[in-house]
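We count residues from 1, following the sequence as given. Just so we're clear, the structure is a prediction, and the values are computed from it rather than from any experiment.
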Amino acid sequence: MAYTHIIGIAEAVVNSKVGNVGNATPLVADARPMIDPFQRAISYLRVSVTDRCDFRCTYCMAENMNFLPKKDLLTLEELNRLCSAFIAKGVRKLRLTGGEPLVRKNIMYLVRELGKQIGSGLDELTLTTNGSQLSRFADELYDCGVRRINVSLDTLDPDKFRQITRWGDFAKVMEGIEAAQKAGLKIKLNAVALKDFNDVEMPEMIRFAHGRGMDLTVIETMPMGEIEEDRTDRYLPLSKLRADLERNFTMSETGYRTGGPARYVEVKETGGRLGFITPMTHNFCESCNRVRLTCTGTLYMCLGQNDAADLRATIRATEDNALLFAAIDEAISRKPKGHDFIIDRTHNRPAVARHMSVTGG
């Protein structure tokens, strides 16, 4: 069924009937699972609950951002309905992102509601955060069923941390990490590898993370959204970083996976795990099991492509979840084989205009 036809039906329903989306027809566990055109099962949903953030990381955002008006955002109840639909259709892992997810007002309502589905369709509910709000929310996150989180941390130098985040407080993030570990949350640190900024720090960051029982994943910067700097000046291929690190560490391949795109090695000297996410030098599209939902209800089937589906129109037009399932199926049928990220001197414009914070970073 074509998506425009689905929306036409949905609009007809809403014109003849006024209802409360909170009273939507029950979601059924036997909804058709999501298989894309390349026979990849979609089992992982990343949800950007807000495009707002209390940092302005230079590789992610412009300093003076124009954020979405609140009227365009889905309510937390609508986000819960959409997430529940995806769980009914086979999503086993759900990650809340932003912007910074913990700055969204009353976000713990959504975390608690989704946490109720762990063990009843959902295997894992996780969160990616900059750590600024963790000291406030760590205990409650654990109480809601979250057991594992990612914390973005690109440097251990407080001055460089302020430089890269523009507004961030390094001490507050350290306090948040300590609170999260005390609450029982397992932490993985994410660091974007940036040439001539944090590349020389990576051995120290490995020792820091592994010495505190945390995994570390390094990520290649991606060409998303207009920022003030030229990404070619900061782009560091992880093939080069890994070669540099192997002068200091002995790395062995491991089959460990978390459901995301990272490929992990074990570091003999520290006993910890180091992950590499390489969208530029070695993309992971062949095994992609992910789709991304924005806080406005837009579903992106690929991080590096512009094609999207407007699920907000569907859920606001009708309480009929059969139509919602049909809209999701139509979107998945358009999931592309892969992205087209390139960063070099002849491709120094963003591959997509939207910032990472729109689709979750």
Side-chain angles (χ1 to χ4, degrees), residues 49-65 67 95-108 111 126-144 146-194 196-219 221 227-229 234 270 272-275 355-357 360-361:
V49 298
T50 177
D51 66 327
R52 295 173 184 268
C53 188
D54 49 352
F55 291 0
R56 295 291 184 276
C57 295
T58 57
Y59 56 81
C60 180
M61 290 185 179
E63 184 165 13
N64 298 306
M65 291 287 292
F67 292 114
R95 179 177 296 279
L96 301 181
T97 70
E100 169 48 47
L102 294 178
V103 301
R104 170 98 191 232
K105 186 177 180 181
N106 297 325
I107 187 59
M108 294 311 299
V111 177
T126 63
L127 183 90
T128 293
T129 173
N130 64 26
S132 67
Q133 308 298 314
L134 274 178
S135 59
R136 294 173 55 203
F137 292 112
D139 287 330
E140 193 172 358
L141 285 168
Y142 189 90
D143 289 344
C144 291
V146 176
R147 293 294 178 266
R148 198 166 58 84
I149 62 173
N150 291 355
V151 177
S152 300
L153 183 69
D154 299 318
T155 177
L156 297 174
D157 182 319
D159 293 332
K160 289 170 69 174
F161 183 84
R162 172 68 71 166
Q163 177 187 343
I164 197 74
T165 63
R166 293 192 180 104
W167 300 359
D169 184 337
F170 180 78
K172 193 172 183 180
V173 172
M174 290 297 104
E175 180 185 338
I177 288 173
E178 183 178 351
Q181 289 194 304
K182 186 176 180 181
L185 295 170
K186 184 172 178 58
I187 297 174
K188 177 167 72 72
L189 298 182
N190 286 342
V192 176
L194 300 168
D196 300 327
F197 180 77
N198 63 1
D199 42 358
V200 296
E201 278 190 79
M202 286 301 167
E204 181 187 0
M205 292 193 70
I206 291 171
R207 295 186 184 98
F208 171 83
H210 294 175
R212 289 159 180 78
M214 299 182 286
D215 292 345
L216 172 68
T217 292
V218 287
I219 308 168
T221 186
I227 57 176
E228 284 84 357
E229 62 185 38
R234 290 293 194 199
T270 63
R273 281 189 293 257
L274 176 64
H355 288 88
M356 177 67 84
S357 61

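Put simply, the side chain of K188 never gets that close to the backbone of T217: no donor and acceptor are under 3.5 Å apart. Listed for the R104 side chain is no donor-acceptor partner under 3.5 Å among the backbone atoms of T50. N198 contributes a side-chain N or O that, together with a main-chain N or O of V192, makes up a donor-acceptor pair within less than 3.5 Å.
With hydrogens and angles left out, the side-chain atoms of E100 and T129 include a donor and acceptor closer than 3.5 Å. Between the side chains of T155 and D157, no donor N or O sits under 3.5 Å from an acceptor N or O.
Residues V173 and F55 form a side-chain contact, since some pair of their non-hydrogen atoms from C-beta on lies under 4.5 Å apart. Side-chain contact between V111 and E140 is absent, with no heavy-atom pair separated by less than 4.5 Å. The shortest distance between side-chain heavy atoms of T165 and D154 does not fall below 4.5 Å. For the pair I177 and L189, the minimum side-chain heavy-atom distance is below 4.5 Å. You'll find the side chain of M214 reaches within 4.5 Å of the side chain of Q181, heavy atoms only. With contacts defined as side-chain heavy-atom distances shorter than 4.5 Å, the pair E178/R212 does not qualify. At a threshold of 4.5 Å between non-hydrogen side-chain atoms, the residues F170 and D159 do not count as touching. Using a 4.5 Å heavy-atom cutoff, the side chains of T126 and N150 are not in contact.
With rounding to the nearest 0.5 Å, the separation of SG in C57 from CZ in F161 is 7.0 Å. Rounding to the nearest 0.5 Å gives a distance of 6.5 Å between CD1 of I219 and OG of S152. Note that the CZ atom of F208 and the CD atom of E201 stand 11.0 Å from one another [nearest 0.5 Å]. Interatomic distance, D139 CG to K182 NZ, rounded to the nearest 0.5 Å: 8.0 Å. Here D54 contributes atom CG and N130 contributes atom CG; the two are 5.0 Å apart, rounded to the nearest 0.5 Å.
Heavy atoms only, all atoms of each residue included: L274 and H210 are closest at N-NE2, 4.2 Å. For L185 against R148, the heavy-atom pair with the smallest separation is CD2-N, 4.4 Å. D51 approaches F67 most closely through the heavy-atom pair O-CE2, 3.0 Å. Taking each heavy atom of A209 and D215 in turn, the nearest pair found is CB-O, 4.2 Å. A179 approaches S135 most closely through the heavy-atom pair CB-CA, 3.8 Å. For the pair A191 and M205, the tightest heavy-atom approach, listed with the atom from each and the gap, is CB-CE, 4.1 Å.
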(request) Verify side chain to side chain contact (heavy atoms under 4.5 Å, CB included) between L134 and E175, making sure each step is shown before the conclusion. (result) CA-CA 8 Å; L134 274 178; E175 180 185 338; over 6 Å; no

